[in-house]
Amino acid sequence: MSTLPGLAADTASTALAIMAPDGRFLWCNPAGHRLGVGLAELPLGQIGPDGPAVDHPVRGADGATRWLRVRCHGMEHEGQPLRLYELRDVSAERQERDRGRNYRWRLAHLEQLAKVGTWEWNVLTGEVVWSDVLLQMFGLAADAHLDYDSYRQMLYPDDVAVIEGTLEEALRDGGSFSYTHRMYLADGVTLRVFECYGEVFPDAAGAPARVLGTAHDITAMRRVQDELTKLAERDPLTDLPNRRALLSRLDDLIAELRERSAALLLIDIDNFKDINDVHGHAVGDDVLRVLARRLLHELPDGTVLGRLGGDEFAVVLPGAYAEDALAVAEGLCDASVRTPVPLAGTGLRVTLSIGAASLEPGDTRDAVLAHADLALYEAKNAGRNRARLYLPEQYRHAVQRVNVVTRVRKALDENRMRLDAQPIIDLSTGEVVSRELLIRLRDGGEPSLSPAEFLPTVERDDLIGELDRWVVSTATEALAHPKAMTAGMCFDVNISARSLESPGFGDWVVRTLRAAGIDASRLGLEITETAAITNVAAVRHLASTLRDAGCRLSLDDFGAGFGSFAYLKHLPFSTVKIAGDFVRQADHGGADPVLIDAVVRAAHGLGMRTVAESVERAALVPALRMLGVDAGQGYHLGRPAPLDELLGRTFDSRQGGGAAGTVVGHPEP
């Protein structure tokens with residue numbers, strides 16, 4: 001039999017069989033007999049002549065499944081049409097193909113699960129083959145054609161240079177590489193982030209031949225990272241950089257000082273506690289948010305505004321000198337005053353105190369913050385609603401303040417604080433009606449400090465409250481001394497604004513007197529006019545507590561502050577002490593006697609006694625007496641003398657369980 005067209009050339013290894021039209025097998029070559037399967041079992045009749053080859057599974061004698069590829073050829077013999085079947089065992093071929101198909105299937109599914117696509121770049125031809133999963137990650141069909149130029153158009157423009165630079169370096173040096181980039185998907189709108197890893201494979205000569213790479217979609221991970229970064233570096237209330245981010249920027253500027261100047265502003269909202277107390281914390285939060293937006297609007301470009309915490313903000317000013325920083329700070333103060341914060345249809349006037357400090361070579365972050373804070377302290381001390389620039393003398397003043405407070409605290413702990421007693425004289429009888437106790441620092445240290453030198457500093461520290469209570473405790477113990485009891489002595493002590501604002505201070509004074517068995521009328525408390533008119537509600541509360549218990553309450557230095565006679569009507573004092581500025585020249589005529597006369601008439605009309613301070617000359621006594629002043633106090637009437645000498649012993653209120661506090665008295669001459 002001659003070979004038919006299309007018949008396998010190697011007929012010795014290919015099974016051949018001839019079938020008659022009635023389905024009978026007429027002939028089979030030796031290879032057909034070696035198939036090990038019955039030809040009659042195969043549906044050969046269903047395969048038409050000259051059609052495509054068909055693969056059929058058959059089960060061999062060993063029970064294993066084999067695949068036979070069957071092709072049918074038409075032929076004639078003696079005028080009779082016959083069918084010649086060509087059968088070839090393709091089991092090994094099928095297994096190899098299935099293994100490849102399974103590998104690609106597994107790879108595709110692994111890529112989908114890991115959100116990782118793969119690509120291969122033939123360096124010689126420039127062809128890039130993308131995995132089906134990667135094309136789908138790009139928003140394309142799995143069988144889409146994507147050349148490098150089209151891929152490059154999808155990349156985020158700012159990231160192209162990074163990708164191509166990394167690939168050039170990898171081709172030059174060999175080995176592995178990585179980069180992260182952004183790209184727009186096929187819709188041209190959706191932006192995704194991919195993290196890529198790859199490796200260069202050389203040919204036999206060592207030249208780069210292929211590059212294999214992976215691309216991992218990390219958009220969701222990057223979004224989470226961005227949110228965490230925002231939480232770590234942004235203030236949740238104002239969305240400004242928080243303390244951490246701001247200080248980091250300050251560190252960067254310090255590192256750049258050799259190249260350009262820089263400055264720092266510290267901003268504090270004046271009386272912010274009052275806003276929270278009066279309007280509530282929700283309004284306070286609104287004020288912070290509105291103020292943050294306003295400051296951002298007013299600040300020049302390139303500056304960094306952040307919130308340090310509470311009501312304190314900071315501004316980092318790159319490229320600014322000291323004068324520039326002060327000008328910016330003053331502009332912020334003006335803008336805040338000019339535009340009230342809108343609240344429920346009304347406007348809340350908010351003022352700022354700002355400290356400015358320039359960054360100098362060699363400065364540390366802590367030093368710059370300390371300098372700006374000192375300038376802020378000066379701004380507040382000067383009356384608030386203003387800006388101040390840090391000057392070296394401010395540091396010296398700060399050191400002095402710290403030293404003074406430390407020294408007073410140590411003296412208080414070591415019982416080296418003392419009280420002097422200055423008599424208050426009835427101008428009609430010449431009798432001592434009471435004695436004002438004046439605090440003194442006698443610790444043996446140098447230089448010696450008068451009350452005028454240490455009290456203003458202590459009054460700005462929490463120590464003032466302790467000092468106030470120490471004075472009251474010591475005065476109470478002195479009143480209980482037998483000599484004071486026999487003589488019926490009375491003492492007056494001054495209290496600070498800090499104690500005036502302390503809700504439980506009045507009750508504590510009353511308990512202290514009762515525990516010592518002292519008639520409350522023997523102790524008087526003096527409050528300066530300035531402190532009284534700025535704390536009217538606190539004065540009323542304290543006066544109610546003390547006067548109900550029988551204590552005396554005096555308005556000290558009347559006329560020296562910003563008060564007026566209207567305050568006498570609203571503040572329930574038992575005594576008004578006329579400031580020395582009106583008293584010193586009262587015997588010379590002019591306005592002073594007129595003013596004293598007015599004070600006396602108003603005080604007497606309200607049931608209050610009057611005491612003239614600074615009576616330093618004898619001629620003042622008859623002049624004050626004629627004006628109706630009840631009592632006087634001053635060097636002519638009696639100089640301050642140590643309390644322990646007056647009573648013949650030394651007092652240590654700590655032994656009696658007293659706490660501590662201050663008295664504001666006249667400085668020593």
Side-chain angles (χ1 to χ4, degrees), residues 229 232-235 238 240-270 272 288 291-292 295-296 298-336 352-406 457 460-461:
T229 300
E233 297 187 350
R234 306 294 291 189
D235 173 56
T238 62
L240 294 176
N242 61 12
R243 185 181 188 90
R244 173 184 173 181
L246 199 69
L247 295 184
S248 176
R249 180 60 181 133
L250 187 59
D251 287 337
D252 293 341
L253 282 182
I254 291 174
E256 299 170 3
L257 278 183
R258 292 181 179 178
E259 302 174 8
R260 59 174 177 170
S261 58
L264 176 69
L265 304 181
L266 286 187
I267 304 172
D268 193 83
I269 302 176
D270 295 331
F272 185 70
L288 292 173
L291 184 64
L295 294 177
L296 281 173
E298 296 292 334
L299 286 168
D301 294 338
T303 60
V304 181
L305 170 68
R307 182 183 177 208
L308 294 180
D311 64 329
E312 192 170 39
F313 296 84
V315 181
V316 176
L317 300 169
Y321 292 96
E323 298 78 8
D324 304 324
L326 184 59
V328 171
E330 290 174 342
L332 296 179
C333 289
D334 293 341
S336 181
L352 306 176
S353 295
I354 305 179
S358 60
L359 278 66
E360 303 294 339
D363 280 346
T364 63
R365 176 216 292 174
D366 291 341
V368 175
L369 288 169
H371 293 168
D373 197 49
L374 287 172
L376 176 61
Y377 175 88
E378 291 293 328
K380 287 188 172 293
N381 197 42
R384 305 175 189 270
N385 187 26
R386 65 200 67 212
R388 286 290 184 269
L389 181 65
Y390 169 75
L391 299 173
E393 53 264 29
Q394 294 172 1
Y395 178 76
R396 293 193 293 271
H397 294 162
V399 171
Q400 291 173 359
R401 288 195 298 270
V402 171
N403 290 340
V404 166
V405 171
T406 301
T457 298
R460 289 191 288 265
D461 190 88

Sidechain-backbone polar pair: Arg386 side chain, Arg384 backbone, donor-acceptor under 3.5 Å: yes
Throw together a table of side-chain donor-acceptor distances under 3.5 angstrom for residues 314-327, partners on residues two or more places apart or in other chains.
from, atom 1, to, atom 2, distance (Å)
Asp324, OD2, Tyr321, N, 3.0

task: Start with the C-alpha distance between Ile354 and Val328, add both sets of side-chain angles, then the distance that settles side-chain contact (heavy atoms from CB on, under 4.5 Å), and finish with yes or no.
output: CA-CA 10 Å; Ile354 305 179; Val328 171; over 6 Å; no
Going by atom type alone, with no hydrogens or angles, which donor-acceptor pairs under 3.5 Å involve a side-chain atom of residues 300-309 and a protein atom two or more places apart or on another chain?
from, atom 1, to, atom 2, distance (Å)
Thr303, OG1, Pro300, O, 2.8
Arg307, NE, Gly310, O, 3.1
Arg307, NH1, Asp235, OD1, 3.1
Arg307, NH1, Asp235, OD2, 3.2
Arg307, NH2, Gly310, O, 3.0

- line: Checking Asp270, Asn381, Asn385 against Ser353 for side-chain hydrogen bond (donor to acceptor under 3.5 Å, both in side chains), the one that qualifies is Asp270
Measure the [atom1]-[atom2] distance between [X] and [Y] for me, rounded to the nearest 0.5 Å.
X: Leu265; Y: Leu295; atom1: CG; atom2: CG; answer: 10.0 Å
X: Leu264; Y: Arg249; atom1: CG; atom2: CZ; answer: 12.0 Å
X: Asp268; Y: Asp311; atom1: CG; atom2: CG; answer: 4.5 Å
X: Leu247; Y: Arg365; atom1: CG; atom2: CZ; answer: 4.5 Å

- request: Kindly determine whether Leu352 and Leu291 satisfy side-chain contact (heavy atoms from CB on, under 4.5 Å), including the steps that lead there.
  value: CA-CA 10 Å; Leu352 306 176; Leu291 184 64; 3.8 Å; yes
Between [X] and [Y], which heavy-atom pair has the shortest distance, and what is it?
X: Asn242; Y: Arg234; answer: ND2-N, 3.6 Å
X: Val368; Y: Leu359; answer: CG1-CD1, 3.7 Å
X: Tyr390; Y: Ala375; answer: N-CB, 3.6 Å
X: Ala329; Y: Ala387; answer: CB-CB, 3.6 Å

Working for side-chain contact (heavy atoms from CB on, under 4.5 Å), residues Asp373 and Glu312: CA-CA 11 Å; Asp373 197 49; Glu312 192 170 39; 4.3 Å; yes
